[in-house]
Protein chains: 2
Amino acid sequence: MPATPIAGPAIYAVDPWVRGIPKARHQLLSDDERALLAKISSIVRFKKGETIYQEGDAAEAAFNIISGVVTAYRRLADGDHVSSFVYQGDIFGLSEQGCYTNSAKAATAVVAYKIPLSALRRILEQHADLDIDLIIKLCEGLREAQHHALLLARKHAATRLAMFLELLERLQIARGEPAAEIHLPVGRSSIAAYLGLTPASLSRALRTLTSRKIISSRDLRHIRILDRAAFQKVADTNGAGP
Amino acid sequence: MPATPIAGPAIYAVDPWVRGIPKARHQLLSDDERALLAKISSIVRFKKGETIYQEGDAAEAAFNIISGVVTAYRRLADGDHVSSFVYQGDIFGLSEQGCYTNSAKAATAVVAYKIPLSALRRILEQHADLDIDLIIKLCEGLREAQHHALLLARKHAATRLAMFLELLERLQIARGEPAAEIHLPVGRSSIAAYLGLTPASLSRALRTLTSRKIISSRDLRHIRILDRAAFQKVADTNGAGP
DNA sequence: GCCGCAATTTGATCGCGATCAAGTTCTGCG
DNA sequence: CGCAGAACTTGATCGCGATCAAATTGCGGC
């Protein structure tokens with residue numbers, strides 16, 4: 001009975017409830033676990049704009065962000081595709097057959113734990129608790145990737161933008177930050193690359209929502225939702241997937 | 001030092017090499033593990049077209065496909081978005097806070113293990129090996145979802161189609177099936193829903209590649225690649241992400 | 001604060017996929 | 001085998017985002 005691989009995100013059944021006792025999403029690691037990880041990992045710093053690793057490099061370590069934001073992306077013949085914005089507490093450094101499967105660069109100044117893969121392997125073999133927590137993190141990542149695909153399937157630029165702003169707001173709330181205003185972690189072109197739009201189209205989409213008084217922006221990095229009902233309508237119904 | 005959640009698929013550093021000894025992707029579970037799972041799970045069957053569960057239902061079980069193909073999708077106001085086609089050996093039934101996060105229906109007749117979540121929890125707590133295997137499966141699923149997003153970021157219909165056919169071929173090879181011809185597991189409209197196209201546009205994209213002698217189709221479910229070089233060009237360079 | 005460069009916005013035009021509608025083929029079932 | 005309904009293909013038109021280019025704004029360094 002040979003089992004076989006996947007055609008898609010075919011996983012799951014495990015989430016923060018898996019252990020019966022829900023953990024807050026932001027507090028997956030216990031103090032003991034943190035101590036353990038700290039012992040085997042070093043702290044590294046990156047300047048804004050610095051490349052952390054590139055697709056195809058030999059993967060020797062994973063990273064766990066202490067502060068700052070990292071952009072994970074793939075370099076394509078015709079420009080980059082941003083696959084995610086990685087925040088404080090998140091793990092990144094996905095590898096396949098010993099090589100990184102994407103590139104990563106610091107969107108802001110970044111401080112992170114650098115965890116050698118060899119050490120990580122050892123830990124995982126012994127520490128069942130950490131396994132579970134990693135599984136939970138993976139499920140979150142999987143859901144995020146699925147959400148990204150859902151977003152990209154939307155036809156209208158304004159809908160994609162609204163879904164993205166919704167996501168940022170949700171994450172801000174989950175992090176316990178004030179959410180009256182949505183903070184954009186990166187510049188327009190990176191957001192456009194995440195949304196599958198050109199910077200020009202993104203700009204127009206912002207303009208559309210702004211002129212309809214659905215959102216307003218204090219500056220390039222801060223957006224406020226003025227008309228929640230209209231906003232939801234744009235995010236939900238409009239711009240249908242075909 | 002509060003850690004925080006994600007803005008994307010922010011995971012990884014773990015893959016089938018994680019234990020030092022690579023496992024074939026299709027043989028993640030040892031015989032012991034299979035026996036263990038078999039003991040706690042029941043075998044269920046679904047007829048073609050039958051709904052297995054729906055988004056929002058209380059999640060009581062995960063599934064592991066023995067044979068057949070399942071379509072995982074989300075129901076949207078304006079039509080469905082297919083998030084993955086799930087094959088033999090894959091696990092599905094992703095839940096969040098006790099409810100399924102997507103719907104699933106049988107694309108063909110399906111036989112599957114049904115694994116109650118309560119049992120799965122117990123197993124995972126005790127069986128470290130299974131954890132690792134689940135982590136690997138999750139990483140695969142995550143990569144698939146990221147690939148899906150990459151595909152959906154492409155502008156031209158023909159490029160999306162070619163990337164999808166490439167994926168199917170890769171999976172066929174991984175499963176050890178002959179790959180001279182690509183087998184489509186589902187009908188046109190499901191493929192269109194996966195590609196973020198209308199059935200009409202998908203049909204036209206097929207026509208384009210066919211008339212350019214890049215592919216040929218024996219019938220609605222079998223496609224052959226005639227001109228590999230041209231095919232790669234369509235899949236890689238053309239239809240750039242913005 | 002001022003300079004220079006990069007990022008963003010705006011404008012005009014074009015092309016591709018959506019849409020709506022009408023054939024055509026496939027499929028299941030008596 | 002033939003029928004009925006669904007799935008798929010094809011056609012004509014429209015709209016939105018891409019594209020290319022120019023104007024403007026924001027930002028780092030001094």
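Sequence lines set the chain letters: A, B, ... in the order given, protein chains first and strands last, and positions in each chain run from 1. Since the model is a prediction, treat every value here as computed from it, not as a measurement.
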Legend entry - Rounded distance [0.5 Å steps], NZ in B:Lys105 versus CD in B:Glu50: 12.5 Å
Legend entry - Nearest-neighbour nucleotide for the A:Ser201 side chain, C:dT9, D:dG17, D:dT9 considered: D:dG17
Inset, instruction - Would you indicate which nucleotide in C:dG17, C:dT9, D:dT10 comes nearest to any side-chain atom of A:Pro199? - result: C:dT9
Inset, instruction - Check the distance between D:dC16's P and A:Leu161's CG and give it to me in whole angstrom. - result: 16 Å
Legend entry - A:Leu184 CG - D:dG26 C1' separation (whole Å): 15 Å
Inset, instruction - Please report, rounded to the nearest Å, how far the P atom of D:dT24 is from the CG atom of A:Asp219. - result: 22 Å
Inset, instruction - Return no unless some side-chain N or O of B:Lys155 is found under 4.0 Å from OP1 or OP2 of C:dG15. - result: no
Inset, instruction - Check the surroundings of atom CZ in A:Arg207: do more than 12 heavy atoms from other residues, nucleotides or ligands lie under 6.0 Å from it? - result: no
Inset, instruction - Grab the CZ-P distance between A:Arg160 and D:dA18 for me, whole Å please. - result: 7 Å
Inset, instruction - Check the distance between C:dT9's C1' and A:Ile191's CD1 and give it to me in whole angstrom. - result: 15 Å
Legend entry - Among D:dG17, D:dT10, C:dG17, the nucleotide that comes nearest once only the side chain of B:Leu197 is considered: C:dG17
Legend entry - Quiz item: A:Arg204 side-chain donor-acceptor pair to C:dG11 base, under 3.5 Å: yes
Legend entry - Geometric class of the A:His148/A:Tyr194 ring pair [parallel <30°, tilted 30-60°, perpendicular >60°]: parallel
Inset, instruction - Give one of base, sugar-phosphate or nothing for B:Ala200, where a contact means two heavy atoms less than 4.0 Å apart. - result: base
Inset, instruction - Indicate the ring-plane relationship of B:Tyr53 and B:Tyr100, choosing parallel, tilted or perpendicular according to the 30° and 60° boundaries. - result: parallel
Inset, instruction - Answer yes or no: does a side-chain N or O of B:Thr198 lie under 4.0 Å from OP1 or OP2 of C:dA18? - result: yes
Inset, instruction - Look at the side chain of B:His156 and decide which nucleotide, out of D:dC16, D:dT10, C:dC16, has an atom nearest to it. - result: C:dC16
Inset, instruction - Find the distance B:Arg207:CZ to D:dG11:P and express it as a whole number of Å. - result: 6 Å
Legend entry - Between C1' of C:dG17 and CG of B:Leu152, the distance in whole Å: 14 Å
Inset, instruction - Fit a plane to each ring of B:His183 and B:His222, take the angle between them on a 0 to 90° scale, and name the class: parallel (under 30°), tilted (30 to 60°) or perpendicular (over 60°). - result: tilted
Inset, instruction - Between D:dC16, D:dC8, C:dG28, spot the one nearest the side chain of B:Lys48, thanks. - result: C:dG28
Inset, instruction - Please work out if A:Leu220 contacts a base, only the sugar-phosphate, or nothing of the nucleic acid, heavy-atom cut-off 4.0 Å. - result: sugar-phosphate
Legend entry - Nearest-Å distance for atom pair CZ/P, residues B:Arg188 and C:dT24: 19 Å
